[in-house]
Undergrad: 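Sharing a structure here in C-alpha cells format.
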Amino acid sequence: MNKILVVDFGSQYTHLIARRIRSFGVYSEVIPPDLIEEHLSPEVKGVILSGGPMSVYDASSPKINESLLLKIRRPVLGICYGHQLIAHVLGGRVSKSAVGEYGNSKFYISSKHTLFDDVPESFTVWMSHRDSVVSPPPGFTVLGHTEVTKIAAMANDERSIYTLQFHPEVVHTEYGLEILKNFVFGICGCEANWNPMVSLYNFLDEYKDCDGNAIVAVSGGVDSTVTAVILKKIFGDRLYPVFIDTGLLRQGEREWVESLFKTLGFKNLVVVDASEIFLDRLRGVVDPEEKRKIISGLYVSILKRVAKELPNIRYLGQGTLYPDRVESGATSSYTDKIKSHHNVFDKSFVGLEVLEPLQDLYKDEVRELAKYLGLPREVIDRHPFPGPGLAIRIVGEVTPEKLSILRKVDKIVDEELRRWNLYGVVWQFFPVLLSIKSVGIRGDHRHYGYIVSIRGVESVDAMTARFARVDWGFLDSLATRILNEVEGISRVLYDISNKPPATIEYE
Ligand code: XMP
C-alpha cells in the first residue's frame with residue numbers, strides 16, 4: 001500500500017486534502033509537524049505540507065528546518081502556509097503584503113510543468129493569505145501567478161519540491177483535483193490501490209488469530225454497529241455486544257437496538273438498564289464538561305463490571321473514528337481538546353486489549369463499509385447520536401421531566417424530517433431543550449413553558465458544519481406540531497450558527 005502524508009499546520013482544510021487523496025484510491029494520513037521523521041515508512045511516497053493560520057515570522061508558528069526537508073527524500077508539495085514555509089526555510093523571501101488575497105483569483109501558468117498536466121493555462125483558484133513569497137529560493141522556478149501574487153506556484157524538480165499559494169483541495173479551485181492527482185500519481189508515482197475495504201481486510205488479517213472473548217459497547221449507531229459486525233467476523237459468538245441504557249436515550253431506542261442485533265444474528269447482546277443511576281448522579285449538575293465526565297466515568301465503570309462478569313473477556317472493541325481521535329487531541333499537538341468524547345476510552349481499559357477497526361476512517365468511509373457489509377439502510381443513514389445522549393441536549397440540569405418533554409419533541413422532529421424527505425439530506429437535525437421558560441398563550445390561558453431550539457446541520461465529517469437551509473414550510477409545520485402536541489414547550493427557535501465557531505451539540 002502506498003501512502004501520502006499530510007503535515008498539519010493548522011488549516012481548516014488539512015483533512016480535506018487527505019480525504020481528496022483517499023478518494024483517488026491512495027491512503028493518506030494527517031500527522032503533526034513534529035512527527036514527520038517517525039512517519040517516513042517505506043510506503044510513504046510523498047509529503048504535503050498543509051496550510052495554516054500563522055505567518056512564518058510568528059515566533060510560535062510551527063516550523064520545519066532544511067535538514068528535515070532533506071531527510072524526507074520524497075516529493076514534497078507545500079500548500080499556502082506550506083508554500084511560504086518552504087520559501088522561508090530554503091532561502092527565498094516571504095513578506096507581508098499590503099493587501100491580502102481572499103477568495104477567488106485568476107491563476108496564470110507561466111511555465112509548463114507536470115503539476116499542471118491536463119490543466120488550461122489560466123483558471124480560477126481559491127486564495128486565503130496575507131503573506132506572500134516575493135523571491136523564490138535558489139534553484140526554484142516560478143510556475144504561475146495571479147494579479148496580486150507574483151509567485152503563486154514554484155518548483156525545484158531536482159529536489160522534487162513543489163509549492164502552491166492557492167488551495168487545490170477546495171471545490172472553488174478549478175482543476176484542483178487534477179493538480180493533486182498530478183502530484184500523487186504523476187510526481188509521487190502512487191498506484192490507486194486503497195479503499196475502506198482494504199483497511200477492513202488489513203484489520204481482519206492482523207487480528208484473525210485472537211483467542212478468548214471480546215465485548216463491544218453498542219448504541220445502534222453506524223460506527224458501533226459496523227465495529228460489532230467486523231469483530232463478529234473474528235470472534236463469532238465469542239463476541240458480546242453490550243448496550244447500556246443510560247436513561248438519556250431517545251424514545252424507543254432500546255427496543256430498536258434489541259431488534260436490530262437480533263436481525264444481524266447476534267446471540268449474546270447484553271442489555272444493562274442503568275438509567276436510575278445515571279439520572280441520580282446527574283442531579284444538580286449543570287456544567288457541560290462535568291456532565292460528560294460523570295456520564296463517561298459511569299459508562300466505563302458499568303462496562304468494566306460487565307466485562308468482569310462475562311467469561312474470559314480479553315478484548316474491547318471500540319468504534320473510534322479518525323475525527324474522534326483528532327478532536328480528542330490524540331493525533332496532533334496543534335489541535336486543542338474541544339470536548340471530552342466519551343467514546344475514546346483509555347488504552348489500559350481493565351487490562352483488555354482495545355480493538356479499533358475504524359480508527360483511521362472518516363464517517364463517510366464507515367458508511368461505505370457498512371454498505372459493503374450489507375447493513376440495513378436505516379443503520380447506514382442514521383444520524384450520529386452522541387454518547388452522552390440527551391444530557392448534552394438539555395442545557396442546564398437534566399431532570400426526568402425535561403427528558404420526557406425532550407423525547408416527545410425529538411420524536412416529532414424525527415417524524416417530520418422523514419415526512420418532508422429531509423432525513424437523508426441533512427447531517428443531523430435535532431431539538432435541544434433550553435432550561436429557560438418563556439410566556440405563551442394556550443387557548444385563553446397564559447402558558448409558561450420551556451424554549452426548545454432546533455439544531456439542523458449539513459456536514460461531511462462533523463469537523464465543520466453549516467446550519468441547514470431548510471424549507472420555511474417544514475419549519476412551520478414542525479413548530480406547529482411541537483407547540484400543539486407537547487405540553488411544557490412555549491417557543492421553538494431555529495439555530496443558524498455554523499461550526500466553527502459553534503459546535504454541533506450544545507454542550
Ligand atoms: P460537536 O458538538 O463537537 O460534535 O460539533 C461533532 C459530532 O460528534 C458528535 N458528538 C459525539 N459523539 N460522543 C459521540 O459519540 C460524544 O461525546 C459526542 N459529542 C459530540 C456530534 O453529535 C456530532 O456529530
Undergrad: Judged by atom type as modelled, is there a donor-acceptor pair below 3.5 Å linking the side chain of S132 to the main-chain atoms of V134?
TA: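 No: the side chain of S132 does not pair with the backbone of V134.
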Undergrad: Assess whether side chain to side chain donor-acceptor pair (under 3.5 Å) is satisfied between Y506 and D495, documenting all intermediate values.
TA: CA-CA 11 Å; Y506 273 37; D495 186 343; 2.5 Å; yes
Undergrad: Is the ring pair Y322/Y362 parallel, tilted or perpendicular, if the boundaries are 30 and 60 degrees?
TA: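 Y322 vs Y362 ring planes: perpendicular.
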Undergrad: Is a donor on one side and an acceptor on the other found under 3.5 Å between the side chain of Q165 and the backbone of H83?
TA: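 Answer holds: no.
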Undergrad: Start with the C-alpha distance between L316 and Q318, add both sets of side-chain angles, then the distance that settles side-chain contact (heavy atoms from CB on, under 4.5 Å), and finish with yes or no.
TA: CA-CA 7 Å; L316 168 76; Q318 274 210 88; 4.3 Å; yes
Undergrad: Are E416 and S477 linked by a side-chain donor-acceptor pair shorter than 3.5 Å?
TA: yes
Undergrad: Do D381 and R367 pass the salt bridge (charged side-chain N to carboxylate O under 4.0 Å, His left out) test, and can you show the C-alpha distance, the side-chain angles, and the key distance before you say yes or no?
TA: CA-CA 8 Å; D381 296 337; R367 290 200 164 120; 5.4 Å; no
Undergrad: Pairing donors with acceptors under 3.5 angstrom, does anything connect the side chains of D8 and H15?
TA: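 Side-chain D/A pair, D8 to H15: absent.
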Undergrad: Check the pair K106 / E147 against salt bridge (charged side-chain N to carboxylate O under 4.0 Å, His left out), numbers first and verdict last.
TA: CA-CA 7 Å; K106 198 91 182 157; E147 302 293 339; over 6 Å; no
Undergrad: Between R466 and E458, does at least one N-O distance fall below 4.0 Å, as a salt bridge requires?
TA: yes
Undergrad: Evaluate the side chain to side chain donor-acceptor pair (under 3.5 Å) criterion for residues Y175 and T124: first the C-alpha distance (whole Å), next the side-chain angles of each, then the deciding distance (0.1 Å), finally the verdict.
TA: CA-CA 8 Å; Y175 307 100; T124 301; over 6 Å; no
Undergrad: Which pair of heavy atoms, one from F385 and one from L249, lies closest together, and at what distance?
TA: CE2-CD2, 4.2 Å
Undergrad: Would you check if there is a donor-acceptor pair between the side chains of S497 and K499 at a distance under 3.5 Å?
TA: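 No pair is found: no donor N or O on one side chain lies under 3.5 Å from an acceptor on the other.
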Undergrad: State the CD1-CG distance between I79 and L180, to the nearest 0.5 angstrom.
TA: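 If we round to the nearest 0.5 Å, I79:CD1 and L180:CG are 5.5 Å apart.
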Undergrad: May I ask you to decide if F9's main-chain N or O and S50's side chain share a donor-acceptor pair within less than 3.5 Å?
TA: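 Confirmed, S50 side chain pairs with F9 backbone.
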Undergrad: Please report the interatomic distance CZ(F166) to OG1(T173), rounded to the nearest 0.5 Å.
TA: 6.5 Å
Undergrad: Any salt bridge linking R418 with D414? Criterion: basic side-chain nitrogen under 4.0 Å from a carboxylate oxygen.
TA: yes
Undergrad: Without swapping roles, check the side chain of Y423 against the backbone of H383 for a donor-acceptor pair under 3.5 Å.
TA: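 The answer is yes, because a donor-acceptor pair under 3.5 Å joins these two groups.
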Undergrad: Mark yes when over 12 heavy atoms from residues, nucleotides or ligands other than L68 sit less than 6.0 Å from its CG; otherwise mark no.
TA: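 Above 12, so yes.
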Undergrad: Counting distance only, does the side-chain N/O of S135 pair as donor-acceptor with the main-chain N or O of G92 below 3.5 Å?
TA: no
Undergrad: Taking atom CD as the centre, does E191 end up with more than 12 heavy-atom neighbours from other residues, nucleotides or ligands that are less than 6.0 angstrom away?
TA: no
Undergrad: Considering non-hydrogen atoms only, spot the tightest contact between P53 and S11 and give its length.
TA: CD-N, 4.3 Å
Undergrad: I'd like to know if the side chain of R93 reaches the main chain of G91, judged simply by a donor and an acceptor atom lying under 3.5 Å from each other, with no hydrogens or angles considered.
TA: no
Undergrad: Counting C-beta onward and ignoring hydrogens, is there a side-chain heavy-atom pair between Y27 and D360 closer than 4.5 Å?
TA: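 When only atoms from C-beta onward are counted, D360 and Y27 do touch, with a gap below 4.5 Å.
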Undergrad: Does the pair H88 and D131 meet the rule for a side-chain contact (heavy atoms from CB on, under 4.5 Å), with working shown?
TA: CA-CA 11 Å; H88 181 67; D131 288 6; over 6 Å; no
Undergrad: Verify the distance criterion only: is there a donor paired with an acceptor across the side chains of T114 and N182 at less than 3.5 Å?
TA: no
Undergrad: Enter the distance from F203:CZ to T227:OG1 here, rounded to the nearest 0.5 Å.
TA: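 Nearest 0.5 Å value for the CZ-OG1 distance: 8.5 Å.
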Undergrad: For residues H113 and A155, report the shortest heavy-atom separation together with the two atoms involved.
TA: NE2-CB, 3.8 Å
Undergrad: So, does R22 use its side chain to make a donor-acceptor pair with the main chain of I17 at under 3.5 Å?
TA: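 No.
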Undergrad: Could you tell me whether the side chain of K45 and the main chain of I4 form a donor-acceptor pair under 3.5 Å?
TA: no
Undergrad: Does the distance from a Lys or Arg side-chain N to an Asp or Glu carboxylate O, for R382 and E253, drop under 4.0 Å?
TA: yes
Undergrad: Please check if the distance between the ring centroids of H129 and Y81 is under 6.0 Å.
TA: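 Distance test on ring centres: not under 6.0 Å, no.
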Undergrad: Below 30° counts as parallel, above 60° as perpendicular, anything between as tilted: where do the rings of F183 and Y162 land?
TA: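 Perpendicular: the ring planes of F183 and Y162 meet at over 60°.
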Undergrad: Locate the shortest heavy-atom distance separating Y494 from I454; write the atom from each residue and the value.
TA: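 In terms of heavy atoms, the two residues are closest at CD1-O, 3.5 Å.
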Undergrad: Count the heavy atoms of every other residue, nucleotide or ligand shown that sit under 6.0 Å from CD of E121, and state whether that count exceeds 12.
TA: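 Check fails, neighbour count at 12 or below.
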Undergrad: Does anything in residues 107-120 pair up under salt bridge (Lys or Arg N to Asp or Glu O under 4.0 Å), and if so which pairs, sequence neighbours excluded?
TA: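 Non-adjacent pairs meeting salt bridge (Lys or Arg N to Asp or Glu O under 4.0 Å): zero.
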Undergrad: Do we see a donor-acceptor contact under 3.5 Å between the side chains of N65 and S67?
TA: yes
Undergrad: Could you state the interatomic distance from CZ (F185) to CG (N2), rounded to the nearest 0.5 Å?
TA: 8.0 Å
Undergrad: Applying the side chain to side chain contact (heavy atoms under 4.5 Å, CB included) criterion to L90, which one of T163, L85, N156, L69 satisfies it?
TA: L69
Undergrad: Just by distance, with hydrogens left out, do E356 and T320 show a side-chain donor and acceptor under 3.5 Å apart?
TA: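 Yes, because at least one side-chain N or O of E356 sits under 3.5 Å from a partner of the opposite role on T320.
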Undergrad: Test salt bridge (charged side-chain N to carboxylate O under 4.0 Å, His left out) on K291 and E507; report intermediate values, then the result.
TA: CA-CA 9 Å; K291 277 187 194 173; E507 298 196 326; 2.7 Å; yes
Undergrad: For the residue pair S199 and L361, what are the closest heavy atoms and their distance?
TA: OG-CD2, 3.9 Å
Undergrad: Using the side chain to side chain donor-acceptor pair (under 3.5 Å) rule, take S111 and T141 through it: C-alpha gap first, then chi angles, then the decisive distance, then the call.
TA: CA-CA 8 Å; S111 187; T141 309; 5.9 Å; no
Undergrad: Take L433 and V395 through the test side-chain contact (heavy atoms from CB on, under 4.5 Å) and record every step on the way to the result.
TA: CA-CA 6 Å; L433 190 94; V395 176; over 6 Å; no
Undergrad: Please round to the nearest 0.5 Å and tell me the distance separating atom CD1 of I72 and atom CZ of R159.
TA: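 CZ of R159 is found 10.5 Å from CD1 of I72.
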Undergrad: Are the side chains of F116 and I109 in contact, using a 4.5 Å heavy-atom criterion?
TA: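 Side-chain contact under 4.5 Å: yes.
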Undergrad: Flag the pair E29 and K3 as a salt bridge only when some basic side-chain nitrogen lies within less than 4.0 angstrom of an acidic carboxylate oxygen.
TA: yes
Undergrad: Any side-chain to backbone donor/acceptor pair from S459 onto T464? Under 3.5 Å, distance only.
TA: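 Indeed, once roles are kept as given, a pair shorter than 3.5 Å links the two residues.
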Undergrad: Looking at E289 and K293, is there a salt bridge between them, counting it only when a charged N and a carboxylate O are closer than 4.0 Å?
TA: yes
Undergrad: Go through the steps to decide whether M127 and Y102 satisfy the test side-chain contact (heavy atoms from CB on, under 4.5 Å), and finish with yes or no.
TA: CA-CA 5 Å; M127 288 289 199; Y102 300 96; over 6 Å; no
Undergrad: Between the side chain of R455 and the main-chain N/O of E505, is any donor-acceptor distance below 3.5 Å?
TA: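 Judged by distance alone, no pair lies under 3.5 Å.
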Undergrad: So, taking the atom named CG in D410 and the one named CZ in R393, what distance separates them when rounded to the nearest 0.5 Å?
TA: 7.0 Å
Undergrad: In this structure, are over 12 heavy atoms from other groups packed under 6.0 Å from E38 atom CD?
TA: yes
Undergrad: For H167, which of W126, Y13, F107 qualifies under ring pair (Phe, Tyr, Trp, His ring centres under 6.0 Å)?
TA: Y13
